[in-house]
Amino acid sequence: MTGYTLRELMVVAAARQIEDGQVVFVGMRLPLLGFLLAKRTHAPQAIGLYENGIIREMPSAEMLYTMSDPPNIYRATSCADMLAVMGLLQQGRVDVGFIGGAEIDRFGNLNTTLVRADGRRAIRLPGSGGACDIASLAHRLIAIMAHEKRRFRERVSYITSPGYGEGGNWRSAVGLPRGGPSVVITDKAILEFDPVTKEAVLSSVHPGISVDDVLAHTGWPLRVSKDLDETPPPTEEELSIIRELDPRGFWTR
Amino acid sequence: MTGYTLRELMVVAAARQIEDGQVVFVGMRLPLLGFLLAKRTHAPQAIGLYENGIIREMPSAEMLYTMSDPPNIYRATSCADMLAVMGLLQQGRVDVGFIGGAEIDRFGNLNTTLVRADGRRAIRLPGSGGACDIASLAHRLIAIMAHEKRRFRERVSYITSPGYGEGGNWRSAVGLPRGGPSVVITDKAILEFDPVTKEAVLSSVHPGISVDDVLAHTGWPLRVSKDLDETPPPTEEELSIIRELDPRGFWTR
Amino acid sequence: MTLSEAIEQYVPDGASIVMGTAMEALIPFAAGHEIIRQRKRDLTLIGPISDILFDQLIGAGCVEKVIAAWVGNVSGGSAYNLRRAVEEGMPRPLEMEDHTNFTIALGLHAGALGVPYLPARTALGSDIQRRNDHLRSITCPYTGDRLIAVRAIEPDVAIVHVQRADEAGNCHLWGNLGVTIDAVRASRRVIVTAEEIVPADVILSDPNRTLIPGFLVTAVVEQPWGAHPSPVVGYYNRDNDYFHEYHRETKTPEQFHRWLQRWVLGVKDRNHYLERLGRDRREALRPRRRAPSAPAEFGY
Amino acid sequence: MTLSEAIEQYVPDGASIVMGTAMEALIPFAAGHEIIRQRKRDLTLIGPISDILFDQLIGAGCVEKVIAAWVGNVSGGSAYNLRRAVEEGMPRPLEMEDHTNFTIALGLHAGALGVPYLPARTALGSDIQRRNDHLRSITCPYTGDRLIAVRAIEPDVAIVHVQRADEAGNCHLWGNLGVTIDAVRASRRVIVTAEEIVPADVILSDPNRTLIPGFLVTAVVEQPWGAHPSPVVGYYNRDNDYFHEYHRETKTPEQFHRWLQRWVLGVKDRNHYLERLGRDRREALRPRRRAPSAPAEFGY
């Protein structure tokens with residue numbers, strides 16, 4: 001694990017989820033870095049949508065704290081309104097969407113609204129923002145989050161962003177037109193979802209992390225794929241680009 | 001009737017329907033001239049909406065053949081899309097709307113789609129454009145048309161733009177949120193509508209036109225108001241402005 | 001890609017096409033004429049109004065159905081080919097799906113938003129609503145109000161003309177927009193004709209004017225005067241005489257066919273058309289004054 | 001009219017106010033702080049996200065209800081006043097109507113279009129939908145699809161910050177627009193703060209950038225730096241440090257009250273605030289390069 005941080009690995013794993021020419025609902029922080037890394041490596045034609053109304057192909061020249069920072073506006077492909085980009089999302093024109101989460105459960109449902117822990121007062125979180133929309137409407141959802149037992153719970157206490165609900169064909173039963181979580185990228189591992197039951201399956205562990213460690217930090221008996229991989233580490237090229245994008249390590253250290 | 005044409009009188013009558021500060025769905029030809037005349041006389045703060053997306057307070061400097069002509073864009077208040085202006089109309093923000101018509105009936109329903117005359121083949125007309133929307137959604141509808149028996153029919157053969165339907169509270173029964181025809185300005189007279197039955201009533205005849213002439217050119221037994229007026233002729237000021245707006249008499253001669 | 005190639009590749013027989021989306025301005029006449037020259041058949045034309053372009057396509061026998069609010073000659077009145085097609089089935093029968101401007105706009109907006117319908121309060125009680133199964137009556141789940149549900153319109157192709165675009169199809173357009181933005185987003189394919197192809201830097205300098213992003217555009221073609229005789233603000237004014245001439249010269253099928261021969265079938269392409277139009281006539285339509293927009297500052 | 005007069009006249013106690021309509025940019029902090037200074041009470045705040053402005057109003061005790069998709073500190077994380085209000089009822093209980101960004105946008109769009117609701121495919125199966133009676137389940141009359149009906153949102157007041165306006169309130173704004181246009185149209189009253197009041201000729205030179213026409217505007221106030229610490233492209237960048245400081249300095253009610261005293265209650269008006277901010281800090285936020293938009297030609 002020398003030579004790179006787990007966050008750098010997460011950025012690389014995120015970037016690898018983007019194919020060239022795809023339309024990506026970007027988000028901020030690690031997903032944004034992942035998008036920029038993908039643009040600089042294997043997906044130069046990828047297109048980024050931001051829920052504030054920005055469509056952007058050319059990466060911004062400076063680091064962004066928020067998607068509405070002036071460097072994200074300067075030389076954007078288009079600056080329109082939220083409805084314009086949400087309309088594209090609802091039409092099914094978005095291939096991949098990234099979101100984070102405070103809690104996730106066995107079927108990939110995410111909570112960023114209200115956390116109820118046993119015997120403690122409920123904790124109010126900021127809420128959905130566009131996360132629920134991305135989770136509802138993108139073709140593939142990538143969730144990125146810290147792998148902690150209190151976050152990986154059997155059932156989330158509030159479904160902010162629908163995953164596969166109770167599993168199986170729940171999504172189409174409730175009327176969601178497509179999509180669902182495809183991959184969960186954590187600081188320990190990568191989870192995918194069973195194509196039939198829609199239950200999360202451990203598919204890849206990061207170098208230096210044991211399966212037992214992952215299982216110990218997951219709040220339900222996590223299934224392990226019979227084709228379990230080790231997450232490929234960042235290449236030299238990927239690392240040098242990330243460090244150019246985040247020179248002070250604000251996000252990745 | 002010396003000194004002005006009936007079309008000039010119609011423009012003046014249209015202008016007088018606009019109060020200062022009102023929002024007007026303008027249309028073209030005589031209504032446009034009426035709007036411009038009102039702006040130059042008693043309603044300098046009136047605001048014009050055009051269904052192509054233009055909002056305009058400053059009158060255009062040149063005559064328009066269509067509402068999308070460049071002089072209507074130059075120094076407009078706003079150029080947006082159709083939904084923006086139709087949204088304002090649907091919200092109830094439009095005080096007055098003007099439309100023309102090929103046929104009108106006793107309850108102010110207008111037809112610009114399909115004319116069926118006895119024993120003859122149906123005639124296809126251009127259709128609604130925005131007329132049905134204006135008739136459905138403006139607070140007050142002003143219709144402007146030639147007064148001919150074949151146009152003023154007991155029942156129109158096709159309701160393109162709803163007036164009062166079958167009279168009474170028909171509009172609210174079908175779900176229309178407001179409005180209805182307020183005045184019909186013809187080249188012979190002005191018709192208003194009974195507040196209860198919603199039947200057209202002859203309220204004013206133009207100078208030099210007899211009531212019998214109007215009745216003879218109306219395809220149903222037209223009620224005559226007991227307060228029948230003579231339409232006030234244009235003032236010198238009004239006439240000189242109209243002739244400045246339409247110097248070659250393209251619309252008003 | 002040439003305009004001819006774009007039409008050949010992306011406008012198959014039987015396609016539904018939205019055109020004339022900026023109302024009386026920016027009508028893609030060059031593209032429409034190319035469709036006629038390529039003898040496309042069984043098309044469905046969609047638009048709020050279309051001025052005389054729809055009438056020409058109808059008269060040339062390309063059209064099976066029109067979904068529109070108004071078909072005519074805006075400054076002239078009736079459209080004779082439309083009348084002949086509806087009243088006499090000439091040159092072929094024509095199905096009309098009558099709308100209002102607003103219901104066309106909402107149908108395309110529904111398509112652009114990815115919903116199967118949008119509710120509205122217009123056209124209630126009209127024969128337009130009663131005779132159009134895509135304008136059904138519904139009840140609001142909150143207020144109980146009676147509304148109409150305007151069904152989504154999702155054309156196969158949008159053809160739009162704009163002031164300027166870059167080679168990737170990112171477009172700057174201005175003036176009245178009509179239903180252009182929603183039409184582009186609602187359609188499966190988008191063909192853009194542009195007065196000018198400009199360097200990407202020009203487009204990137206003003207992302208708020210980039211109302212059509214290139215990734216939604218299937219083909220972009222530089223076509224100066226591509227909207228003549230309709231106007232393109234900043235480039236040329238409306239050729240009103242041309243519309244009046246069309247009205248006078250298409251009253252009978254024979255007259256129309258002479259007109260069509262002169263302006264469409266008998267010209268090789270748009271350059272040939274412009275030659276026939278003549279330099280003087282074009283120059284007379286050019287703006288007589290300059291009026292550039294004040295800059296907006298995008299520096300940071 | 002001064003900002004203080006505008007807030008006094010048009011923001012009564014109990015009003016519903018949409019703010020932060022351009023997301024993380026152009027947030028009307030000057031207006032929000034004036035609301036706090038005037039000790040308005042029982043407000044309903046509406047917005048997709050609000051960054052820290054909503055948190056400040058909540059902490060100051062002005063707010064009864066929030067209708068929003070996200071309330072926090074975009075670059076910092078949690079908003080402590082929001083948490084205290086929801087979790088502990090401090091300084092007063094707070095009702096939350098949870099939305100997604102898209103349902104807020106659609107609710108305002110419904111208001112702007114004058115319909116009681118709009119259909120959507122988002123949030124189905126979520127607890128957001130299940131617990132919000134303004135996001136009811138409906139069935140499409142054409143396809144039978146299950147949809148949600150997003151109820152119209154019609155705020156009493158929209159408060160927006162823009163780059164430039166004329167004295168009649170015709171506004172030029174650019175950059176990401178968020179839900180600004182629909183919020184303005186959906187609201188009964190509109191208060192605009194503008195970086196600059198410019199001559200009408202500047203605004204008239206580009207009607208396509210006039211996204212807010214003056215006749216919809218109730219009051220327009222020149223307020224340079226009116227959005228600080230949020231960014232206004234072309235005028236100033238985001239003051240990221242300020243957001244981080246806010247996060248560090250508002251963890252307890254006592255800390256928040258010190259912060260509020262320093263930046264809101266203890267300053268007379270925006271000029272006083274800017275003085276306290278200091279010239280150097282402001283200058284450091286100014287754009288370091290110029291990047292004017294290419295002109296669009298409106299001559300004819």
Side-chain angles (χ1 to χ4, degrees), chain B residues 28 50-54 64-76 79-84 86-87 89-90 92 109 111-114 121-137 156-163 165-166 170-171 173-178, chain C residues 22-26 48-49 51 68-72 74-75 77-79 82-83 85-88 96 98-106 109 120-128 130 137 145-148 174-182 230-234 237-238 240 243 287 291:
Chain B
M28 295 304 300
Y50 297 82
E51 55 205 344
N52 63 3
I54 293 176
L64 304 174
Y65 286 88
T66 84
M67 64 181 72
S68 304
D69 287 0
N72 209 34
I73 293 165
Y74 175 68
R75 293 169 79 81
C79 281
D81 63 6
M82 185 187 287
L83 216 58
M86 287 293 183
L89 178 65
Q90 190 166 246
N109 303 296
N111 176 15
T112 50
T113 302
L114 207 61
R121 193 167 56 204
I123 295 170
R124 174 71 209 196
L125 303 173
S128 161
C132 173
D133 306 310
I134 299 168
S136 299
L137 300 168
V156 291
S157 38
Y158 184 106
I159 299 181
T160 308
S161 301
E166 295 150 17
W170 179 89
R171 285 183 72 92
V174 299
L176 289 168
R178 68 186 77 87
Chain C
M23 308 287 285
E24 301 91 347
L26 293 154
I49 72 160
D51 221 315
W70 197 94
V71 184
V74 173
S75 53
S78 266
L82 169 78
R83 287 196 52 184
V86 175
E87 298 170 17
E88 306 167 49
M96 295 293 290
D98 280 303
H99 278 263
T100 76
N101 276 345
F102 194 16
T103 64
I104 288 284
L106 286 169
H109 193 51
R121 300 184 188 278
T122 192
L124 288 155
S126 71
D127 283 321
I128 296 173
R130 270 204 284 270
S137 243
D145 288 357
R146 194 162 160 194
L147 302 166
I148 62 167
W174 59 94
N176 54 286
L177 302 172
V179 300
T180 302
I181 309 313
D182 283 322
S230 71
V232 177
V233 68
N237 293 314
R238 191 169 192 266
N240 295 302
F243 285 90

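When reading the values below, keep in mind they use all heavy atoms of this one structure, side chains included, and skip hydrogens, waters and symmetry mates. Nothing here was measured: the structure is a model prediction, and the numbers come from that model. Residue numbering restarts at 1 for every chain, and letters A, B, ... go by the order of the sequence lines.
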> Looking at C:D127, C:I104, C:N101, C:T100, which one forms a side-chain contact (heavy atoms from CB on, under 4.5 Å) with B:S128?
Replying inline: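 The passing option is C:T100.
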>> Which atoms of C:D98 are under 4.5 Å from chain B, going by heavy atoms: the side chain, the backbone, both sets, or neither?
In response: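 Side chain of C:D98 only, per the 4.5 Å heavy-atom cut-off to chain B.
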>> Using heavy-atom distances under 4.5 Å, tell me whether C:V86 contacts chain B through its side chain, its backbone, both, or neither.
In response: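 The side chain, not the backbone.
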Which region of [X], side chain (C-beta onward) or backbone (N, CA, C, O), has a non-hydrogen atom less than 4.5 Å from a non-hydrogen atom of chain C, or is it both or neither?
X: B:S161; answer: neither
X: B:I159; answer: both
X: B:A131; answer: neither
X: B:Y50; answer: neither
X: B:L89; answer: neither

Do [X] and [Y] make a side-chain contact, defined as non-hydrogen atoms from C-beta onward lying under 4.5 Å apart?
X: B:T160; Y: C:I128; value: yes
X: B:I73; Y: C:N176; value: yes
X: B:D69; Y: C:E24; value: no

Flag the one option from [options] with the top tally of heavy-atom pairs under 4.5 Å to chain B.
options: C:G234, C:G125, C:G72; answer: C:G125
options: C:A291, C:G175, C:S230; answer: C:G175
options: C:V71, C:D182, C:L26, C:T103; answer: C:V71

> How would you list, by chain and number, every residue that makes a salt bridge (Lys or Arg N to Asp or Glu O under 4.0 Å) with B:R178, sequence neighbours excluded?
Replying inline: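 Scan of B:R178 (salt bridge (Lys or Arg N to Asp or Glu O under 4.0 Å), adjacent residues dropped) gives none.
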>> Going by the rule salt bridge (Lys or Arg N to Asp or Glu O under 4.0 Å), which residues pair with C:R146 if we only count those two or more places apart in sequence or in a different chain?
In response: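 C:R146 satisfies salt bridge (Lys or Arg N to Asp or Glu O under 4.0 Å) with no other residue.
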> Is the backbone of C:F102 close enough, under 3.5 Å, to the side chain of B:D133 for a donor and an acceptor to pair up by distance?
Replying inline: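 Yes; judged by distance alone, with no hydrogens or angles, the pair exists.
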> Taking B:S136 for the side chain and C:A123 for the main chain, is one N or O donor matched with an acceptor at less than 3.5 Å?
Replying inline: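 Yes: the side chain of B:S136 pairs with the backbone of C:A123.
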> Between atom CG of B:L176 and atom OG1 of C:T122, what is the distance when rounded to the nearest 0.5 Å?
Replying inline: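 One gets 8.0 Å once the value is rounded to the nearest 0.5 Å.
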